[in-house]
Amino acid sequence: MDALDATLDDLKANPRTWLVTGVAGFIGSNLLEALLQAGQRVVGLDNFATGYVANLEDAQSAVGPDSWECFRFIEGDIRDLATCREAVKGVQVVLHQAALGSVPRSIQDPLASHQANVDGSLNLFLAAKDEGARLVYASSSSVYGDNLDLPKVEERTGKPLSPYALTKSVVEQYARIFNLTYGFGCIGLRYFNVFGPRQNKNGPYAAVIPRWITNLLEGEPTLLFGDGSTSRDFCYVDNVIQANILAGITEHPVAAGRVFNVSCGGSTSLNALHVMIREGLQRRHPEQVFPPPECHSDRAGDIRHSQANIRAISDLLGYCPRYQVPEGLDRTLDWFCARLNSPSVRGS
């Protein structure tokens, strides 16, 4: 039995009340589903800036009506301190996922990214501290900025390269100060290129995997920024769920106040990723032809290579990624293919 199985057994025997911010988003709705399936009580907070009712409906369908009775939803904004205080009442663990993601979005509108990511997180830190709740917050590999070392180790970051990266770095510093000043030992998780079911496929800020899957299935061009040698440590969403749950109840004395990399510790080039997606779709749709991508110039604020060292989270929390890129991509392709073939889901 690994750390996750042992933790889930403990949770089922001793249910807790969790708050998931950004619960209607990609990662938030997957966390909601996993927690309800583990017999937990969940409060969800979302303003639908980037989340969707369809994600909540999908989670509801997955868990069934009995488990859904253990979920309470609050439509509200983390930028409002009173809303945060209402959401954390009676909560034991907060999983803070709400944010405005995307480097290009932050370059286009840095003020909105700052208000949601920095001001909103500070509100939630205050509310959780005063309630006495454990807090786990989502950070990002973007905080490594211009540091070229590979793999990325938590203690060595660089200068941020975008407003989004800066907001995540500031949130990490607030977490450090809250630990130092108030003894509020919240735990940060630096996500590396998370992908999976329910990830947004629409709009200018869609992540590369859902965007490419959708473009290929709908016969549209797929755009590749750069020459395709850019590499990322892609991480299937179930691995992120594992990290959040382990961090949410850990009693390890050294973990409090720390920030951990969350990924698989691997490296996949964008060229290789596109081939994997095309081949996966070809197996599912042998009658279609899926062309290679169109190359465009590099995007501002993007880093060339990213890969995580996951030793710290493995040693201190017992984290062990169960899904590598091929397995996670298969599950993701199944989910998107099933829904993109359904007219009622297109555009959701």
Side-chain angles (χ1 to χ4, degrees), residues 3 7 11 16-23 25 27-28 31-32 35 40 42-45 78-81 83-101 114 116-144 154-155 157 165-192 194 240-262 308 310 312-319:
T7 298
L11 287 175
R16 293 161 171 79
T17 300
W18 304 64
L19 168 64
V20 179
T21 68
V23 72
I27 296 175
L31 279 167
L32 169 65
L35 290 169
Q40 306 303 288
V42 183
V43 179
L45 176 63
I78 59 171
R79 292 174 297 179
D80 180 67
L81 179 58
T83 298
C84 291
R85 293 196 185 281
E86 176 192 353
V88 301
K89 285 180 182 177
V91 165
Q92 293 157 286
V93 186
V94 176
L95 302 181
H96 176 36
Q97 313 299 311
L100 278 181
H114 179 93
N117 300 351
V118 178
D119 296 344
S121 294
L122 179 56
N123 284 338
L124 199 66
F125 285 9
L126 286 167
K129 174 184 71 69
D130 292 345
E131 183 67 20
R134 165 77 59 84
L135 186 141
V136 179
Y137 66 94
S139 187
S140 166
S141 61
S142 66
V143 301
Y144 288 106
E154 288 87 347
E155 291 77 17
T157 59
L166 179 60
T167 66
K168 289 298 187 179
S169 180
V170 171
V171 171
E172 288 191 5
Q173 291 303 311
Y174 262 120
R176 184 183 67 83
I177 292 299
F178 267 61
N179 183 45
L180 179 68
T181 306
Y182 308 114
F184 182 59
C186 45
I187 295 175
L189 301 176
R190 285 182 190 154
Y191 298 160
F192 281 67
V194 187
V240 171
I241 291 169
Q242 178 191 163
N244 273 273
I245 290 174
L246 292 175
I249 70 162
T250 184
E251 297 298 333
H252 198 299
V254 182
R258 291 281 299 266
V259 60
F260 297 100
N261 292 334
V262 179
I310 57 173
I313 191 171
S314 300
D315 289 348
L316 296 182
L317 301 186
Y319 169 81

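The structure displayed is predicted, hence computed values, not measured ones.
Here OG of S142 is found 9.5 Å from CZ of F192. Values are rounded to the nearest 0.5 Å. The distance from atom CG of L19 to atom CD of E86, rounded to the nearest 0.5 Å, is 10.5 Å. Here the CG-CD1 distance, from L189 to I187, works out to 7.5 Å after rounding to the nearest 0.5 Å. Of the inter-residue distances, the one linking K129 atom NZ with F184 atom CZ reads 8.5 Å to the nearest 0.5 angstrom. With rounding to the nearest 0.5 angstrom, the CG atom of L45 is 8.0 Å from the CG atom of L124. Here the CG atom belonging to L31 is positioned 9.5 Å from the OG1 atom belonging to T21, to the nearest 0.5 angstrom.
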Check: residues 312-319 side-chain donor-acceptor pairs under 3.5 Å, at least two apart:
unit_1 : atom_1 : unit_2 : atom_2 : d
S314   : OG     : I310   : O      : 2.8
S314   : OG     : Y319   : O      : 3.1
Y319   : OH     : S263   : O      : 2.7

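The list of salt bridge (Lys or Arg N to Asp or Glu O under 4.0 Å) pairs with a residue in residues 169-191, not counting sequence neighbours, reads E172-R190.
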**Message:** Is there a side-chain contact (heavy atoms from CB on, under 4.5 Å) between Y174 and Y137? Walk through the geometry before answering.
**Reply:** CA-CA 11 Å; Y174 262 120; Y137 66 94; over 6 Å; no

**Request:** Let me see the working for T17 and Q40 under side-chain contact (heavy atoms from CB on, under 4.5 Å), right down to the final yes or no.
**Result:** CA-CA 6 Å; T17 300; Q40 306 303 288; over 6 Å; no

**Residue pair Q173, F178: steps toward the side-chain contact (heavy atoms from CB on, under 4.5 Å) verdict** = CA-CA 9 Å; Q173 291 303 311; F178 267 61; over 6 Å; no

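Between the side chains of Y191 and Q97, a donor-acceptor pair is found at a separation under 3.5 Å.
The side-chain hydrogen bond (donor to acceptor under 3.5 Å, both in side chains) test applied to D130 returns R85, not counting sequence neighbours. Not a single salt bridge (Lys or Arg N to Asp or Glu O under 4.0 Å) links R134 to another residue, sequence neighbours left out. Considering only residues two or more places apart in sequence or on other chains, T157 meets the side-chain hydrogen bond (donor to acceptor under 3.5 Å, both in side chains) condition with none of them. A search for salt bridge (Lys or Arg N to Asp or Glu O under 4.0 Å) contacts involving D80 returns nothing, not counting sequence neighbours.
Inter-residue side-chain proximity for I245 and I241 is flagged as met; some heavy-atom pair is nearer than 4.5 Å. For the pair V20 and V42, the minimum side-chain heavy-atom distance is below 4.5 Å. Between Q92 and W18 there is no side-chain heavy-atom pair separated by less than 4.5 Å. The shortest side-chain heavy-atom distance between V88 and V94 falls under the 4.5 Å cut-off. For the pair N123 and T83, the minimum side-chain heavy-atom distance is 4.5 Å or more. At least one side-chain heavy atom of L135 sits less than 4.5 Å from a side-chain heavy atom of F125.
Nearest heavy-atom pair, I78 versus C84, reported as atom, atom and distance to 0.1 Å: O-SG, 3.4 Å. Pairing each heavy atom of A98 with each of G22, the nearest pair is CB-N, 3.6 Å.
Of the possible donor and acceptor atoms, one in the side chain of N244 sits under 3.5 Å from a partner among the backbone N and O of V240. Without hydrogens or angle criteria, T7 side chain to A3 main chain gives a donor-acceptor distance under 3.5 Å. Put simply, the side chain of T167 never gets that close to the backbone of N117: no donor and acceptor are under 3.5 Å apart. In this structure, the side chain of T181 engages the main chain of I177 through a donor-acceptor pair within 3.5 Å.
Screening R79, K168, H96 for a side-chain hydrogen bond (donor to acceptor under 3.5 Å, both in side chains) involving S121 leaves a single residue, H96.
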